[in-house]
There are 4 protein chains.
Amino acid sequence: MSPAKTSSAPSRGRIDKREAILSAAFTVFARQGYAQACVKEIAKEAGVAKPTVYNHLTDKANLFREAMTAAADRSLAESLAVIETLTVPRDDDLRALLEDVGFRLLKVHGDPRSCALRRLVYAEVSWAPDLLDAVQGRGSDRITEALADRMARLSLAGRLRQADPVQAAEQFLALLTGPVATRTRMGTRDATDEELREVTQAAVDTFLRAYTPVA
Amino acid sequence: MSPAKTSSAPSRGRIDKREAILSAAFTVFARQGYAQACVKEIAKEAGVAKPTVYNHLTDKANLFREAMTAAADRSLAESLAVIETLTVPRDDDLRALLEDVGFRLLKVHGDPRSCALRRLVYAEVSWAPDLLDAVQGRGSDRITEALADRMARLSLAGRLRQADPVQAAEQFLALLTGPVATRTRMGTRDATDEELREVTQAAVDTFLRAYTPVA
Amino acid sequence: MSPAKTSSAPSRGRIDKREAILSAAFTVFARQGYAQACVKEIAKEAGVAKPTVYNHLTDKANLFREAMTAAADRSLAESLAVIETLTVPRDDDLRALLEDVGFRLLKVHGDPRSCALRRLVYAEVSWAPDLLDAVQGRGSDRITEALADRMARLSLAGRLRQADPVQAAEQFLALLTGPVATRTRMGTRDATDEELREVTQAAVDTFLRAYTPVA
Amino acid sequence: MSPAKTSSAPSRGRIDKREAILSAAFTVFARQGYAQACVKEIAKEAGVAKPTVYNHLTDKANLFREAMTAAADRSLAESLAVIETLTVPRDDDLRALLEDVGFRLLKVHGDPRSCALRRLVYAEVSWAPDLLDAVQGRGSDRITEALADRMARLSLAGRLRQADPVQAAEQFLALLTGPVATRTRMGTRDATDEELREVTQAAVDTFLRAYTPVA
DNA sequence: AATGAATGAGTGTTCATTCAT
DNA sequence: TATGAATGAACACTCATTCAT
C-alpha cells in the first residue's frame, strides 16, 4: 500500500504538507517573533526542506500572513461556537448562562495559540497592516457582532434592558478580557481556572447590574 | 577646557547624549520593531556614531530595555497625573468628573508613543520577559492601584457602593480601553475625540449603573 | 496509437520537442546570459516541464552547448549562402558585386541572433572553451576560408592582384565588420541600412584600392 | 612605527584597500564571468572580509562597474600613449612608423587584461548597458578619435591622400585587430610576436596601398 | 516519455559588535 | 571619549537536479 491514502482527495499529500508548513510556521513565529524566526527552522519543524516552503508559500512575509489567517480562522471558529450557545434561557438563570459563556470565552481567549496570535498581530502590524483586515476583521469584529446579535435577542425577550446591543457586547467582552489581560501579564502567564471564574463572575455581576431591566 | 560645560551638572553633555540616544532609539524601535531596527539608524537619528551607542548602552538588547523603561516612565507619569485629579467631588456631579477623567485617560492611552510602547512590549515580550516587570510593573499595575485608591475613597464617601476597589478600577479601565482598542484597530488608526467621548460616556454610564449605591 | 504521427519520421514528436527546447534555450540564453538564465524559464518558453529538458539534454551546460552550436550552424549557413554568390563577374562591375556581397554579409552579421550568438560565445568562453571549436570552428574560420576561395578565383581571373587569398579575405571581413562593431555599440544598437551601405562602400573602396591589379 | 605610512595621504589605507578590492574584483570577474564570480572569492583575493567589499562598493553590480571602468581607464591610457607616438615622420619611413605603432597597439589590444575587459563588456552588456558608455565611451571611441587626429595631420602633411580621417582610423584599426581576433580565438590563445608582426605588416601594407597619395 | 514535487548547495546582503586611532 | 573601518555570523531566497508517479 502506498503511503498517505488516508483521504479520498486526489492530492491530499500536497494539502497536508501545506498545512503542516502553516502550522509549523505559526508555532515558530509564536515562539520567536517574525524577524527572529528563520525559515530554515520553520522548514525543519514542518519536516520539509526549505525550498519546499518557498514552493508552497512564495515568501517569508506571505508565509507569515497565511499562517496568521489560518490561526485566526481556527480561533474565531472556537469563539463563535461558544457564542452560539448563548440563547435566551427558558428558566430564570440568565446569570448562570452568562457566566458559563463568559468563562468559556475566556478559556478560548486565553488559549496559548490565541495569545500568541494577538501578540503577533500587535507586534507586526506596523509593517503588515493588512494583518488587521485578515485577523481582526475575521476575529474581534465578527465576535462582537455575533455577540451583539444574541444581546439583541435577550433585550427583545425582556431579559436585558433596551440598549445598543453592539455596545453591550463590546462592554461584556471588555469586562471579561480587560482584567484578565493584566493578570496574565499580557498572556505570558497562565491564569488558573479559579482566577478566570472570579473575573467572569465579577464581569457578569457588573454587566447584569448595568443591563438588567429596571421594571 | 572640556567641551559643553553649558550646565552645572558635572558632565551634562554625557547625560544629554545618553538621553538623545534613548529617545532616538525609542523612535526607531517604534517605527520598525526591535529586530528590523538597526543600531546604525538609531545612531544616525541621535546624531552620534555607532560605537558611541555601544559605549553608552553596551548592547542592542540593553539599549532597547532602557529606551522602553524610559518611555514607560513618561507614559505612567501622565496617567498618574490624570488619576490624581479624580477626587471626591463636592457637588453631585460624579458622572461629569468620571467622564472627564476617563476621557483624559483615553487620550493618554491613545497617544502615539503609548500605543507604540504597548505594541513593542507585546511584540518582544517573548524574548525579553523582564520587559513586563519594567513596563507593566511600573505601568498598568500602578495605574490600576492608583485608580483603586480613588475608587476606595469614593466608596468610603458613599458615592460608590461598597465593592472591591481594585476590581472597580480594573473594570473602569476595561470599559474605557477595551472598546477603544477594537475601534482604533489596535492603535493603528486615530480615534476622533467624538469617538472617545462616546466610548467614555458609555463606559461611565455602565460603570455608574453597576456601582452607584442602591440607597 | 502513439500521438503525433503527422510525419514520416519514426518519432517526429520527439525531434520536434528537442528542437523546440533548443530554440527556446537560445532565446532565453540570449536574453539573460548563461548563468542568469534558469532552466525553468527555458522549459516554460518551450512549453514543456523542466524534467523534460533534462530528459532530452542531460544538463544545463550541455543544453547551452547544443543550443549554441545549432544557432551557429544556422548563422554559418546564411553567411556561406551569401559568399556563394561572389563569383567572378562577367562584366566589369566587380565593385558593385563586392558591395552587394559585403552588404549582405553585414546584414547577416548584424542579425540579432548572430549578435546574441557572438555575445554569448564571448561571454562564456572562459568556462566552456570548447564553444570556440564548436562555434568559431564552424563559423568565422569557415567563412574566411570560403571567402578566401573566391578571392583566389578573382586573383586567378586577374580581377584582383596576386596576394594571399586568406589575408585578403580576412582584411575584407575586417574592413566590413570592424567599423560596424563600434558604430552599433557592439551590437546593442541597430545600424540603419544607410549606415551599413556607407561602411560597405568605404570597405570595398579601400579593399579595391589595395587589391586592384596594377597593370 | 604604525603600519601603512608608505604615503603622505591622510587615509591612504582606505584608498589602497579600495584599489585592492577593485583589482581583485577584475581578476575574479575576468576568470569567472559576472554571475559565476562570487563576492566571497573576490574578498578573499583582495585579502579583506566580505562586508568590507560592501562597505566600499555597495553592491555586486556596482563593484563590477567600478572594476570595469578602472580597467578600461588603464587600458585606454596605454593605447593613447602609443598613438601619441604617431607623429608626422621627418624622413620618408612612414611605413616603418605605422608598423611600429600598429604593432604596439596590437600588443596593448592583446594584453590579457584588455582581452578580459572586452570579453566582460561583451558578456554583460545586456543587463548593464551603461557599461558601454563607461568602457567604449572612454575606450574605442576615444582611441579612434585620437588616431583620426593623427591621420588628419598625415593627410595635411601630404603623407596620406585626402580622405575622411575617422574612416581611415577605423579601417586602420580594423585591419589590425580584425585578423588578430580570429587568430587568437577571441583572445583565448596568445599570439606570438611573429604573428603580430605579420598581421601588422599586412595591415600597414594594405592601408598604405589604399591611402598613399597618388601623385 | 512527461510531469509535479521536493531538495541540497550556494549566493548576495545585512548587522551587531569590536579594534585602532 | 568618540569614531571610521573591519569583521564573523546569519538569513532570505534561487536553482540545477532528482524521484515517484
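In what follows, chains are A, B, ... by sequence order, proteins preceding strands, each numbered from 1.
Note on ring orientation: taking the six-membered ring where Trp is involved, the planes of C:Tyr34 and C:Trp127 are tilted (angle from 30° to 60°).
Residue A:Asn55 has its side chain nearest to E:dA6 when only E:dA6, E:dG12, F:dT7 are considered. The side chain of C:Thr52 approaches E:dA2 more closely than any other nucleotide in the set E:dT17, E:dT13, E:dA2. Across F:dA16, E:dT17, F:dA6, the shortest atom-to-atom separation from the side chain of B:Tyr54 is found for E:dT17. Side chain of B:Pro51, nearest nucleotide from F:dC19, E:dA6, F:dA5: F:dA5.
Summary of the strand contacts: A:Gln36 and A:Thr58 both lie near DNA chain F, and taking for each the nucleotide with the nearest heavy atom, the more 5' one is attributed to A:Gln36. Mapping B:Tyr34 and A:Val48 onto DNA chain E via the closest heavy atom, the residue that lands nearer the 5' end is A:Val48.
Residue-level contact check: B:Ala61 touches neither bases nor backbone, having no heavy atom under 4.0 Å from any strand.
With hydrogens and angles left out, the side chain of B:Lys50 and the base of F:dT3 share no donor-acceptor pair within 3.5 Å.
Closest heavy-atom contact between A:Ile42 and A:Ile21: CG2-O, 4.3 Å. Summarising the geometry of D:His56 relative to D:Arg18, their closest heavy-atom pair is O-NH1, 3.7 Å, with the distance given to 0.1 Å.
Shown here, F:dA6 forms a base pair with E:dT17; the pair counts as Watson-Crick or G-U wobble because both key distances fall under 3.5 Å.
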